[in-house]
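Accompanying notes for the structure given below.
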Amino acid sequence: MLSKKTKYAIKALVALGKNVEKPPMQISKIAEEEHIPKKFLEQILLDLRNAGFLYSKKGAGGGYSLNKKPEEIFLVHVMRVTDGPIAMVPCASLNFYHKCEECVDEKTCGIRSAFIDVRDATLKVLTETSIADVIGREDALKVAIESL
């Protein structure tokens, strides 16, 4: 399941992606528009800034803006910054591998094999989906609903 931290990070990046040609957004505005607790959002934005996704400006006219184009920020990177591993079991993780304590033989473990397939399918979607794609999906869904 997607953690609130990751979901809020994506929502904040989408809001900033829609604001890309405008002045930096203040935390309070992002929190209000996206219904994210402000204190939680502050920590998320700090993590995203430290990971190189965001630029922050202090003082009058300050706030956050994207440090990269929305087309260059992929969900897989956001998830790894906010939650760490993509795989649902540690023995199937590419970047955060740990052997499962109860596993007798990884090479013949059907659970591991199944979850490697899940990991690979998930990675395919996450590495191909950018913040710009999420914005595009939202716009397409709004058009589809309006045409009903």
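Here the CZ-CG distance, from R119 to L126, works out to 12.5 Å after rounding to the nearest 0.5 Å. Separation of atoms CD1 (I86) and CE (M79) is listed at 4.5 Å; rounding is to 0.5 Å. Annotation: the span from S93 atom OG to F115 atom CZ amounts to 13.5 Å, rounded to 0.5 Å. Atom CD1 of I135 is separated from atom CD of E71 by 8.0 Å, given to the nearest 0.5 angstrom. Annotation: the span from S113 atom OG to E106 atom CD amounts to 11.5 Å, rounded to 0.5 Å.
Between the D117 side chain and the A121 main chain, no donor and acceptor come within less than 3.5 Å of each other. Using modelled atom types, no side-chain atom of T6 and backbone atom of L2 make a donor-acceptor pair closer than 3.5 Å. Panel note: side chain T127, backbone L123; a donor-acceptor pair is recorded below 3.5 Å.
Side-chain contact between K11 and I36 is present, with at least one heavy-atom pair separated by less than 4.5 Å. Residues S130 and I73 have side chains not in contact (no heavy-atom distance under 4.5 Å, counting atoms from C-beta outward). A heavy-atom distance below 4.5 Å is found between the side chains of P37 and Y8. Residues K18 and E138 have side chains in contact (heavy-atom distance under 4.5 Å, counting atoms from C-beta outward). Y97 has its side chain within reach of C91: a pair of non-hydrogen atoms, C-beta onward, lies under 4.5 Å apart.
For residues 28-40, no pair satisfies side-chain hydrogen bond (donor to acceptor under 3.5 Å, both in side chains), with sequence neighbours left out.
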Below 3.5 Å, can you tabulate the donor-acceptor pairs from side chains in residues 41-69 to any protein atom, sequence neighbours excluded?
unit_1	atom_1	unit_2	atom_2	d
Q43	NE2	D47	OD1	2.9
D47	OD2	K5	NZ	3.0
N50	ND2	L46	O	3.4
N67	ND2	G52	O	3.4

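Counted within 6.0 Å of CD1 on I111, heavy atoms from surrounding residues, nucleotides or ligands total 12 or fewer; the atom is thus considered open. The 12-atom threshold is exceeded at NZ of K99, counting heavy atoms of other residues, nucleotides or ligands nearer than 6.0 Å.
Across all non-hydrogen atoms, the minimal contact from L16 to I30 is CD2-CD1, 3.9 Å. When all heavy atoms of P90 and C100 are compared, the closest pair comes out as CG-SG, 4.1 Å.
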What's the verdict on side-chain contact (heavy atoms from CB on, under 4.5 Å) for V134 and L75, showing C-alpha distance, side-chain angles and the deciding distance? CA-CA 9 Å; V134 174; L75 296 183; 4.2 Å; yes
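Side-chain heavy atoms closer than 4.5 Å link hydrophobic residues (I, L, V, M, F, W, Y) into clusters, and following such links, possibly through other members, connects F40 to V81.
Taking 4.0 Å as the cut-off between side-chain N and carboxylate O, K124 and E128 count as a salt-bridged pair.
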